[in-house]
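Because the structure is a prediction, the values reported are computed rather than measured. Chain letters run A, B, ... following the sequence lines, proteins first, then strands; residues in each count from 1.
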Amino acid sequence: MAPKRKVKTKEVSPKKKRTAPAASQVFTRWLMKSEPESRLQNGVEMKFSFDDLKKEPDQTTCWDGVRNYQARNFMRDQMKVGQSAFFYHSNCKDPGIVGLIEIMREGYVDHTQFDKKDPHFDPSCTKDNPKWMMVDVKYVRKLKRFISLKELKTLHLEHKESGGPLRSLALFTRARLSVQPLTTEEFDFILSLEDKDPEEQ
DNA sequence: GCCAACGTTGGC
DNA sequence: GCCAACGTTGGC
């Protein structure tokens with residue numbers, strides 16, 4: 001008698017719950033990049049400066065167009081209403097931190113993924129199976145002075161030697177992330193720079 | 001699951 | 001406008 005072939009009863013494991021991976025560290029402060037200078041993308045003009053945010057109704061906007069999983073996960077899993085973020089100008093003549101914003105609404109579906117005319121249209125997404133999320137943010141205030149990427153870079157390099165607060169700032173360790181997490185130590189230190197003369201550093 | 005090819009980001 | 005760094009894709 002032929003040995004009974006053991007029918008592989010594939011363990012019908014309950015569908016893996018799509019839970020957020022246990023975050024190794026919980027962040028409550030953020031840096032969000034936006035391009036303040038005009039640029040064409042798929043024939044659509046892209047530009048959103050800190051002043052543009054100030055001009056929005058209620059000085060609030062949805063942060064659409066993020067198409068990076070890490071950044072999406074931060075918005076989906078960790079950003080909470082009331083948290084603070086820096087508004088950073090990227091891909092421009094003068095990159096750096098210009099102001100403060102506040103999270104006004106937690107992660108929800110980014111509608112631009114379904115919009116064929118949007119430069120961030122993603123044909124792999126359906127309404128039943130959206131991929132991308134966004135949050136709402138509100139203008140809080142300009143910093144007392146502009147804190148340039150250059151200044152932050154200098155401090156980062158110093159702090160790598162000394163073990164200072166900006167030793168592992170995401171702006172340099174994960175440079176391409178458009179939504180970056182900051183520790184409160186990093187956030188508070190950067191914020192304290194606005195009261196200092198940049199020449200004295 | 002590796003990794004080459006490719007695309008994008010963003011400083012310079 | 002260049003290009004290094006790095007994230008994504010897809011063949012194998």
Polar atom pairs (N or O), protein with nucleotides 8-10 of chain B, under 3.5 Å:
residue, atom, partner, partner atom, Å
B:dT8, O2, A:Arg176, NH2, 2.7
B:dG10, OP1, A:Lys33, NZ, 2.6
B:dG10, OP1, A:Arg176, O, 3.1

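- The ring pair (Phe, Tyr, Trp, His ring centres under 6.0 Å) analysis of residues 47-83 of chain A, with sequence neighbours excluded, yields the pairs A:Trp30-A:Phe74, A:Phe50-A:Phe87, A:Phe50-A:Tyr139, A:Trp63-A:Phe87, A:Tyr69-A:Trp132.
- Nucleotide B:dG11 holds its C1' atom 15 Å from the CG atom of A:Leu169, rounded to whole Å.
- Here salt bridge (charged side-chain N to carboxylate O under 4.0 Å, His left out) pairs that include residues 90-119 of chain A, with residues two or more places apart or in two chains, are A:Arg67-A:Asp110.
- A search for side chain to side chain contact (heavy atoms under 4.5 Å, CB included) contacts involving A:Pro130 returns A:Val109, A:Gln113, A:Phe114, not counting sequence neighbours.
- Rounding to whole angstrom units, CG of residue A:Asp94 and P of B:dG11 are separated by 11 Å.
- To the nearest angstrom, C1' of B:dG7 lies 14 Å from CG of A:Asp122.
- Residue pairs meeting the salt bridge (charged side-chain N to carboxylate O under 4.0 Å, His left out) criterion with at least one partner in residues 135-144 of chain A, sequence neighbours excluded, are A:Asp58-A:Lys138, A:Arg141-A:Glu194, A:Lys144-A:Asp195.
- Checked against side chain to side chain contact (heavy atoms under 4.5 Å, CB included), A:Ser90 has the following partners two or more places apart in sequence or in another chain: A:Lys33, A:Glu35, A:Tyr88.
- Pairing each heavy atom of A:Leu155 with each of A:Phe189, the nearest pair is CD1-CE2, 4.2 Å.
- A straight line from CZ of A:Phe172 to C1' of B:dC12 spans 14 Å, rounded to a whole angstrom.
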